[in-house]
There are 2 protein chains.
Amino acid sequence: MDTHLLRTFTAVVDHGSFSEAARVLGYTQSAVSQHIAALEADLATPLLTRRPVAPTEAGARLLEHARPLLLRLDAARADMARLGAGPAKTLTVGCTPLALTGRLAALLPSGSTVRMVSRAEVAGAVMAGEADLGFVDGAAAPSDPLPVPDADALTTAPVAEEPLAVLLPAGHPLATRSAVGLSDLADAHWIDAPDTGIPLAQLRATARVDGFRPYTVIDGTDVLALGALVAAGHGLTVLPATVAEALPGTVAIRIVTPRIAHRTEVLHTRLGEGGPARALIAALAQPWRVSPRPA
Amino acid sequence: MDTHLLRTFTAVVDHGSFSEAARVLGYTQSAVSQHIAALEADLATPLLTRRPVAPTEAGARLLEHARPLLLRLDAARADMARLGAGPAKTLTVGCTPLALTGRLAALLPSGSTVRMVSRAEVAGAVMAGEADLGFVDGAAAPSDPLPVPDADALTTAPVAEEPLAVLLPAGHPLATRSAVGLSDLADAHWIDAPDTGIPLAQLRATARVDGFRPYTVIDGTDVLALGALVAAGHGLTVLPATVAEALPGTVAIRIVTPRIAHRTEVLHTRLGEGGPARALIAALAQPWRVSPRPA
DNA sequence: CATCCTTACGGGCATCGTAAAAATT
DNA sequence: AATTTTTACGATGCCCGTAAGGATG
């Protein structure tokens, strides 16, 4: 079970075609076919159905191993390369849309490169060396860590925290309240904007409350569009309070129960000595609103 | 960076010798030498010092990637093998010393094989397919998960929970108390028995209290020997209450603050349909003392 | 000088590409 | 019939073992 074989296997699954995978990987179709045949022979199990090309049950299971494995392998490569090259002069950070808040934006050195990525991709980008630091946002209880996929091999530290708010259209019955409990709204019409705001699934898990079923779904990362949808009455959504309060035509009501907040965390590999990445982490580690717990 | 090379590399580090690694792996010394040379050429970094053979800084870093990678690779193999073979007839479980409590012992089917392993090895044994289920014990706050190394790719579920107790020699000044706060004892003389009881490091992390520095250290997994050391006044230690209360010549005082408990959890891969492993998990999932939180 | 690692070299085997055959829509 | 995967086959090159060469304590 060579990693090359796993790599072509995942490529075939991703592209749904032997030929396309071959083109992407720079192989012949024949070679790809042989790779898959070798894997299936080695594991004594069919991994793919042909026509249409799709993973079998065993193949799907193998994918769950292969994906993190290949990611980790790339991470190792990148880590060794970094160790040899010394600290980067210029900083590249991977960032989810709502993670770049005031505090972080203020401390980020000028001349940095910022790559906006989805929550699922941040850890991978940092591990593969495509970004020196990753910033993820999400909802979490005050002392819980943010649930970040694939972040096992990375170090995380909190960066910023602020209240969450429910975004309502102006004129909504609740719009005059100053605070709201989330469980009262479990059965409301919700807009799920997983790439922009807080994914409903994450809200459900963190609040440990059932409900929050998506009614309207919006892809993409445009907060203004999300605000417009809410203002037009397509449903409610949850955003960090400072962001929510700036959207026109809507009213933002802070969430007080359960005690969850919008948090940003920084992800990084074990860093070398100097460099702008380490400097930024040190600056971010300074206490701000939330006093650090005594070690 | 082939996984074969990584495997050879870790073997060389583990045995501190090219020749010994070659013997273990069934290669020639020459082949091992070529493997290491290939790795070092590929990564453009020296990974080992020769005479004595030891990892360089870069080598140590690579090890941190290679170890979990190879573990995961073996896990994938084992997983596929299991998928093909169907559920095992007889059950093999990996188990830390204090994990096999009354409830678990009662539910374990007769004819099972139990392999006692250290906390660090349980997850690996389950992933590599050497055990169908793993049982780990440890100290944790009531709603926190147990910190289990390398358990990322596994499913965990709580199995049993009971109070922790400090074990004192009979006649100790505190022996008449009915309950004790842990932080009062941070500076006591402690016995660290990481393979038997609760490792002091885990206690320190969970209780978030400094102190608990090891004074006497005991390796091995003999609870009676640990009890004898405490009885003889070599120091204090922490054990699950029911275990501690059965040890002669000592007094067990339950810990009330902070709110930490001794918990046992089960680890398993995503299981197939039938089989004794799944039956045992289902039985263990029945509520016992701690009512499960509503989903 | 004994031990251990490295280098040189040759043979076997794996892997890839070309090309033709088979299968499925 | 067209597209896509499989199989056959030959060449290239990788990888391992044998054996000789260095380095080190």
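Chain identifiers are assigned alphabetically (A, B, ...) following the order of the sequence lines, protein sequences preceding nucleic acid strands; residue numbering begins at 1 within each chain.
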Partners of A:His4 by ring pair (Phe, Tyr, Trp, His ring centres under 6.0 Å), sequence neighbours excluded?
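Ring pair (Phe, Tyr, Trp, His ring centres under 6.0 Å) check on A:His4 returns nothing, list empty.
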Mind calculating the distance between [atom1] ([X]) and [atom2] ([N]) to the nearest angstrom?
| X | N | atom1 | atom2 | value |
| --- | --- | --- | --- | --- |
| B:Glu40 | C:dC5 | CD | P | 13 Å |
| B:Arg23 | C:dT3 | CZ | P | 16 Å |
| A:Asp2 | D:dC14 | CG | C1' | 12 Å |
| B:His15 | C:dC4 | NE2 | P | 14 Å |

Contact list for DNA chain C against residues 24-39 of chain B - heavy-atom distance below 4.0 Å
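Under 4.0 Å from DNA chain C: B:Ser30, B:Ser33.
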Are more than 12 heavy atoms, taken from residues, nucleotides or ligands other than B:Glu57, located less than 6.0 Å from that residue's CD atom?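 Open.
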Between [X] and [Y], does at least one N-O distance fall below 4.0 Å, as a salt bridge requires?
| X | Y | answer |
| --- | --- | --- |
| B:Arg7 | B:Asp2 | no |
| A:Asp150 | A:Arg72 | no |
| B:Arg270 | B:Asp79 | no |

Can you pull the ring pair (Phe, Tyr, Trp, His ring centres under 6.0 Å) pairs that have at least one residue in residues 28-66 of chain B, sequence neighbours excluded?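 For residues 28-66 of chain B, and leaving out neighbouring residues, the ring pair (Phe, Tyr, Trp, His ring centres under 6.0 Å) pairs sorted by first residue read B:Tyr27-B:His35.
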* Excluding sequence neighbours, so at least two apart, what forms side-chain contact (heavy atoms from CB on, under 4.5 Å) with B:Leu47? ->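 Here the qualifying residues are A:Met80, B:Phe9, B:Leu39, B:Glu40, B:Leu43, B:Ala58, B:Leu62.
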### Task
For B:Thr28, enumerate each residue passing the side-chain hydrogen bond (donor to acceptor under 3.5 Å, both in side chains) test, keeping only those at least two apart in sequence or located in another chain.
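With neighbours one apart ignored, the set is empty.
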Of B:Gly16 and A:His4, the one whose closest nucleotide on DNA chain C sits nearer the 5' end is B:Gly16
Once base and sugar-phosphate atoms are separated, protein heavy atoms under 4.0 Å mark nucleotides 20-25 of chain C, 5' to 3', with B, S and - as ----BS
